[in-house]
Amino acid sequence: MLPSNFLRLLDSQSKLYLGCQDLSTLIPSYLHRLKLCTKHQAPLNAKKLHAQIVKSGLNQCQPLPNTLLDAYGKCNLLQDAHYLFDEMPQRDHVSWASILTAYNQAKLPNKTLSIFHYMFTTDRLQPDHFVYATLLKACASLCSLRLGKQVHARFVLSPFVDDDVVKSSLVDMYAKCGLPSIARSVFDSILVKTSVSWTAMLSGYARSGLKDEAMELFLRTPVRNLYSWTALISGLVQSGYCIDGCYMFIEMRREGVDIVDPLVLSSVVGACANLAVLGLGKQIHGLVIGSGYESCLFISNALVDMYAKCSDILAARNVFNRMLHRDVVSWTSIIVGAAQHGRAKEALDLYDQMVLAEIKPNEVTFVGLIYACSHAGLVSKGRKLFKAMIEDYRISPSLQLFTCFLDLLSRSGHLNEAEDLIKTMPHKPDEPTWAALLSACKHHGNTEMGVRIADRLLSLNMHEPSTYVLLSNVYAGAGKWEQMSRVRKLMTDMEVKRKPGYSSIDLGKESQVFHAGETCHPMKDEIFGLLKELDAEMRKRGYIPDTSYVLHDMEEQEKERELFWHSERWAVAYGLLKAVPGTVIRIVKNLRICGDCHTFLKLTSSIVHKEIIVRDATRYHHFKDGRCSCNDFW
């Protein structure tokens with residue numbers, strides 16, 4: 001907001017100047033005040049100045065029209081900027097650069113590129129270096145390599161071929177289009193490399209997953225400021241190097257870099273979400289508050305997502321409730337979080353509030369809602385939501401959404417309708433789609449359909465180990481021993497390719513990772529003893545190990561021993577031994593939890609009277625009092 005004394009100055013000077021004879025003397029004053037409007041983001045005052053300029057008859061005197069156009073664009077008055085641009089009797093390169101920049105700033109890169117050709121056809125102008133840089137920014141936003149190469153070709157043939165600013169834009173465009181090697185070639189051709197060009201190249205390497213190249217370039221960067229640190233950290237997190245991103249953020253803090261832009265904080269919060277490290281996430285949240293960025297929308301959205309993914313849905317809801325402004329990402333994050341944690345009613349209530357707040361849901365919102373209905377058996381509500389999505393919001397369902405809807409139908413016993421949906425949907429069904437239907441067939445005891453679906457799945461190139469276990473059990477239940485033997489052979493072959501299972505537990509300042517078959521942990525004897533005690537108590541309560549989840553061909557007793565060494569059991573036992581009484585035990589597992597361990601954890605929660613939360617590869621399981629939030633169907 002502009003200072004009040006500046007507003008008074010606008011009025012007093014306007015009244016004084018409008019009474020003058022030589023109106024041209026007003027131009028410097030108007031230019032100065034328009035620049036102040038731009039600097040302070042004061043759209044209403046920019047429009048007021050425009051009216052005064054028109055009244056004084058100076059609206060066609062350059063450089064006032066271009067300065068006014070720039071002010072409108074930077075004050076987000078896009079319609080006013082477009083109208084002013086259209087009414088200009090003579091447009092120059094500055095006019096075009098201003099309007100194209102305005103569309104880029106409004107996140108309308110398609111519009112930037114679509115009006116560009118009028119620069120040739122209507123105004124008979126060739127682009128200059130500012131226009132080239134603006135066009136390349138639009139291409140980078142769209143990740144449009146084809147258009148970017150066309151702009152590059154025109155630039156090479158232009159008089160501005162040696163312009164380093166345009167070359168920096170080319171580096172950014174090629175990097176964002178996934179071609180870091182070409183970006184590097186352009187980068188090496190820049191004679192005077194600015195912080196912008198170094199940051200663009202650094203971001204390109206990091207975002208492309210070229211960690212070593214990014215680190216090497218970062219060490220060579222002449223000036224390491226917040227933006228170069230942000231480019232490296234954000235790129236590492238986006239390409240899956242979340243641990244490295246967190247380490248680099250800690251190093252940045254050690255170097256005392258002042259966080260004057262919150263983007264780096266949102267990246268680190270995202271890394272905490274992906275790693276499910278609640279302790280570090282809370283520390284970053286404290287830093288966000290201390291830095292004064294808690295009211296920043298995209299930071300708050302990241303915090304909601306982080307807490308939900310770190311299994312603390314109550315903290316996610318608290319952050320959401322404190323937000324002064326919420327967009328579709330805010331609502332979708334909390335709805336999906338509630339759904340994944342088995343809080344179907346809460347997810348649906350939030351959706352009703354979202355509609356009342358006049359926020360239009362997107363496809364991800366409906367994935368979360370139908371997922372919630374699926375795990376709560378709310379078939380009628382799910383049908384209404386699916387219909388509303390298509391008819392009211394004009395969203396064309398993706399394969400993932402069809403799979404969610406199919407899962408809702410099949411879980412609730414509508415197997416024939418679910419199979420018809422697969423046949424009629426406009427997408428080719430994949431492994432998760434068929435597996436969802438097959439799992440429901442097994443659950444509801446429809447052997448005939450189950451075998452038919454299993455045959456279809458067997459013809460696919462499957463990747464998920466749990467799908468093979470499901471297939472084997474369906475064939476065994478139907479007495480199809482030949483097919484079961486074939487699946488078992490495939491399971492044996494696949495075992496070599498499986499990712500090793502591990503589970504991690506976060507106990508505040510301490511984190512531990514357990515791998516399947518852990519034998520060298522310093523607390524091995526205590527953990528083993530507790531697991532034996534729990535196993536004995538469970539067997540008294542009727543527990544029988546389900547060895548169908550063991551893929552190896554071995555004796556039954558050996559299979560039971562294999563289950564006993566699954567990583568999630570050891571992580572939970574360690575938590576029971578080390579956690580402060582009354583705390584929730586939170587486990588993160590890299591693979592889907594097996595059915596036998598799921599039973600084990602349910603019984604454990606009943607025996608020790610503790611809440612255990614497990615985030616596996618597909619969902620969240622809240623074990624409490626012998627029950628799980630997934631209702632034993634995941």
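In this chain, residues are counted from 1 in sequence order.
- Side-chain polar atoms of Ser169 and Asp172 form no donor-acceptor pair below 3.5 angstrom.
- In this structure, Asp392 has no side-chain hydrogen bond (donor to acceptor under 3.5 Å, both in side chains) partners at least two apart in sequence or on a different chain.
- A 4.5 Å side-chain heavy-atom check between Val336 and Tyr371 finds every atom pair outside the cut-off.
- The shortest distance between side-chain heavy atoms of Phe405 and Met425 does not fall below 4.5 Å.
- Not one N or O on the side chain of Ser234 forms a donor-acceptor pair closer than 3.5 Å with the backbone of Ala231.
- Residue Met354 holds its CE atom at 8.5 Å from CG of Asp327, rounded to the nearest 0.5 Å.
- Remark: side-chain polar atoms of His325 are not paired, donor with acceptor, to backbone N or O of Ser295 under 3.5 angstrom.
- Of all heavy-atom pairs between Ala97 and Phe130, the closest is CB-CB, 4.2 Å.
- Here Ile289 pairs with His285, Glu294 under the side chain to side chain contact (heavy atoms under 4.5 Å, CB included) rule; sequence neighbours left out.
- A cation-pi arrangement, defined by a distance under 6.0 Å to the six-membered ring centre and an angle within 45 degrees of its axis, is absent between Lys211 and Tyr205.
- Looking only at distances, a side-chain donor or acceptor of Lys193 sits under 3.5 Å from a matching main-chain atom of Ile190.
- The minimum heavy-atom distance between Phe249 and Leu265, with the atom names listed, is CZ-CD2, 3.9 Å.
- Looking at heavy atoms from C-beta onward, Arg322 lies in side-chain contact with Val319 at the 4.5 angstrom threshold.
- In this structure, a donor-acceptor pair under 3.5 Å is present between the side chains of Arg317 and Asn321.
- Counting non-hydrogen atoms of other residues, nucleotides and ligands closer than 6.0 Å to CD of Glu346 gives a total above 12.
- Phe298 and Leu263 make their closest contact through CE1-CA, 4.0 Å (heavy atoms, listed as atom of the first residue, atom of the second, distance).
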Walk me through it: do Ser158 and Gln126 pass the test side-chain hydrogen bond (donor to acceptor under 3.5 Å, both in side chains)? CA-CA 9 Å; Ser158 76; Gln126 293 296 320; over 6 Å; no
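- For Thr332 and Thr365, the side-chain atoms include at least one donor-acceptor pair closer than 3.5 Å.
- No side-chain donor-acceptor contact under 3.5 Å links His427 to the backbone of Phe402.
- Side-chain N or O atoms of Asn104 include one that pairs as donor or acceptor with a backbone N or O of Thr134 at under 3.5 Å.
- Few gaps surround CD1 on Ile250; more than 12 heavy atoms of other groups in view lie less than 6.0 Å from it.
- For the residue pair Thr403 and Thr433, a side-chain donor N or O sits within less than 3.5 Å of a side-chain acceptor on the partner.
- With no hydrogens or angles considered, no side-chain donor-acceptor pair links Ser333 and Asp305 at under 3.5 Å.
- In this structure the side chain of Arg615 never reaches within 4.5 angstrom of the side chain of Gln340, judged on heavy atoms.
- Inter-residue side-chain proximity for Ser197 and Val171 is flagged as unmet; no heavy-atom pair is nearer than 4.5 Å.
- A cation-pi arrangement, defined by a distance under 6.0 Å to the six-membered ring centre and an angle within 45 degrees of its axis, is present between Arg326 and Phe320.
- A centroid separation of 6.0 Å or more is found between the aromatic rings of Tyr118 and Trp96.
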After noting the C-alpha distance and the side-chain angles of Leu369 and Met389, does the key distance pass the side chain to side chain contact (heavy atoms under 4.5 Å, CB included) rule? CA-CA 11 Å; Leu369 291 167; Met389 174 189 66; over 6 Å; no
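- With 3.5 Å as the limit, one finds a donor-acceptor pair spanning the side chains of Asp92 and Ser95.
- The two residues Val237 and Ala271 have their closest heavy-atom pair at CG2-CB, 3.8 Å.
- In this structure, Trp198 has its ring center closer than 6.0 angstrom to the ring center of Phe187.
- Between Tyr132 and Phe155, the ring-plane angle classifies as perpendicular under the 30° and 60° cut-offs.
- Between Leu348 and Leu385 the shortest side-chain heavy-atom distance falls below 4.5 Å.
- Between Ala347 and Ile335, the closest heavy-atom pair is CB-O, 3.8 Å.
- Looking at residues two or more places apart in sequence or on another chain, you find a side chain to side chain contact (heavy atoms under 4.5 Å, CB included) between Ser208 and Pro180, Leu210.
- Atom OH of Tyr247 has 12 or fewer heavy atoms from other residues, nucleotides or ligands within 6.0 Å.
- Side-chain atoms of Tyr293 come within 3.5 Å of backbone N or O of Ile259 as a donor-acceptor pair.
- For Arg207, the side-chain hydrogen bond (donor to acceptor under 3.5 Å, both in side chains) partners are Gln238, not counting sequence neighbours.
- No more than 12 heavy-atom neighbours from other residues, nucleotides or ligands sit within 6.0 angstrom of CD on Gln79.
- Scored by the side chain to side chain contact (heavy atoms under 4.5 Å, CB included) test, Ser181 finds no partners at all (sequence neighbours excluded).
- With hydrogens and angles disregarded, a donor-acceptor distance shorter than 3.5 Å links the side chain of Ser239 to the backbone of Leu236.
- Considering only residues two or more places apart in sequence or on other chains, Arg146 meets the salt bridge (Lys or Arg N to Asp or Glu O under 4.0 Å) condition with none of them.
- At a threshold of 4.0 Å, the pair Lys167-Asp163 does not count as salt-bridged, since none of the basic side-chain nitrogens sits closer than that to a carboxylate oxygen.
- For the residue pair Thr194 and Ser168, the shortest heavy atom distance occurs at OG1-OG, 4.3 Å.
- Judged by distance alone, with hydrogens and angles left aside, the side-chain atoms of Ser228 form a donor-acceptor pair with the main-chain N or O of Asn225 at under 3.5 Å.
- Proximity of Leu125 to Phe120: side-chain heavy atoms (C-beta onward) are nowhere separated by under 4.5 Å.
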